[in-house]
Amino acid sequence: MFVKKKYRNWIRGGIPVLLTLLVVAGIVFGTAKTKDQAVAQALLMTKESIRRASVQCYALEGIYPVNIHYLMDYYGILPDTKHYVVHYQFIADNLLPDIAVFPINQ
């Protein structure tokens with residue numbers, strides 16, 4: 001009988017602690033996943049804004065910009081260079097440049 005009471009007390013004390021640990025773990029993993037999704041969304045938005053500015057330049061001027069600096073100077077593109085590396089490769093006057101954005105690991 002003594003063993004059963006001791007076992008019951010352990011269960012009564014252990015279940016709330018276990019549930020609390022599970023909730024904390026869920027919050028930690030959920031926050032990490034949300035952060036990863038936010039970074040991926042920011043990369044996509046940066047790439048799309050550069051692509052849209054390139055297409056706008058082509059529509060207005062008849063050629064795609066030779067480099068990203070032209071878009072920055074004349075079309076207001078300001079990529080976050082502290083957090084991202086922008087790859088912009090000019091192919092030809094009439095072909096959409098190769099555009100990629102990569103995060104800088106800190």
Side-chain angles (χ1 to χ4, degrees):
M1 183 110 178
F2 178 73
V3 175
K4 288 183 182 181
K5 283 185 181 181
K6 185 177 180 181
Y7 183 69
R8 269 190 245 149
N9 288 337
W10 184 82
I11 289 176
R12 286 184 192 156
I15 288 179
V17 171
L18 181 63
L19 290 175
T20 303
L21 289 175
L22 288 173
V23 168
V24 169
I27 290 171
V28 168
F29 290 122
T31 303
K33 185 175 181 181
T34 303
K35 181 182 175 187
D36 292 343
Q37 290 174 345
V39 168
Q41 186 67 24
L43 290 173
L44 180 63
M45 288 174 52
T46 302
K47 180 179 177 180
E48 283 302 308
S49 67
I50 294 169
R51 187 192 62 76
R52 274 187 260 119
S54 296
V55 170
Q56 183 180 13
C57 179
Y58 182 75
L60 294 173
E61 300 178 21
I63 61 170
Y64 284 104
V66 176
N67 57 37
I68 189 76
H69 300 291
Y70 188 83
L71 292 175
M72 292 168 71
D73 292 341
Y74 296 102
Y75 288 88
I77 296 298
L78 298 171
D80 185 3
T81 55
K82 288 183 180 179
H83 296 104
Y84 309 120
V85 173
V86 176
H87 169 79
Y88 184 92
Q89 184 176 1
F90 178 77
I91 300 170
D93 289 347
N94 61 344
L95 295 176
L96 184 65
D98 183 28
I99 302 166
V101 180
F102 303 101
I104 296 174
N105 296 330
Q106 297 179 359

(message) Let me check something: do L43 and M45 share a hydrophobic cluster, defined by ILVMFWY side-chain heavy atoms less than 4.5 Å apart, either directly or through other members?
(response) no

(message) In the structure I gave you, are the side-chain heavy atoms of L71 and Y88 within less than 4.5 Å of one another anywhere?
(response) yes

(request) Check whether Y64 and Y75 end up in the same hydrophobic cluster, where Ile, Leu, Val, Met, Phe, Trp and Tyr are linked by side-chain heavy atoms less than 4.5 Å apart. (result) no

(request) Over all heavy atoms of both residues, which pair between I104 and K82 is shortest? Give the atoms and the distance, please. (result) CD1-O, 3.7 Å

(request) Not counting sequence neighbours, which residues clear side chain to side chain donor-acceptor pair (under 3.5 Å) with Y70? List them please. (result) E61

Throw together a table of side-chain donor-acceptor distances under 3.5 angstrom for residues 53-60, partners on residues two or more places apart or in other chains.
unit_1	atom_1	unit_2	atom_2	d
S54	OG	I50	O	3.0

(request) Please lay out, stage by stage, how H87 and D98 fare under the test side-chain contact (heavy atoms from CB on, under 4.5 Å). (result) CA-CA 8 Å; H87 169 79; D98 183 28; 3.5 Å; yes

(message) So which atom in I99 and which in K47 form the shortest heavy-atom distance, rounded to 0.1 Å?
(response) O-CE, 3.2 Å

(request) With rounding to the nearest 0.5 Å, note down the distance linking CG in L96 to CZ in R51. (result) 7.0 Å

(request) Identify whether F90 and V86 are in the same connected component of the hydrophobic contact network (ILVMFWY, side-chain heavy atoms under 4.5 Å). (result) no

(message) Distance check, rounded to the nearest 0.5 Å: I63 atom CD1 versus L95 atom CG?
(response) 12.5 Å

(request) Enter the distance from T34:OG1 to Q41:CD here, rounded to the nearest 0.5 Å. (result) 13.0 Å

(request) Flag the pair P79 / Y84 as yes when at least one side-chain heavy-atom distance between them is below 4.5 Å, and no otherwise. (result) no

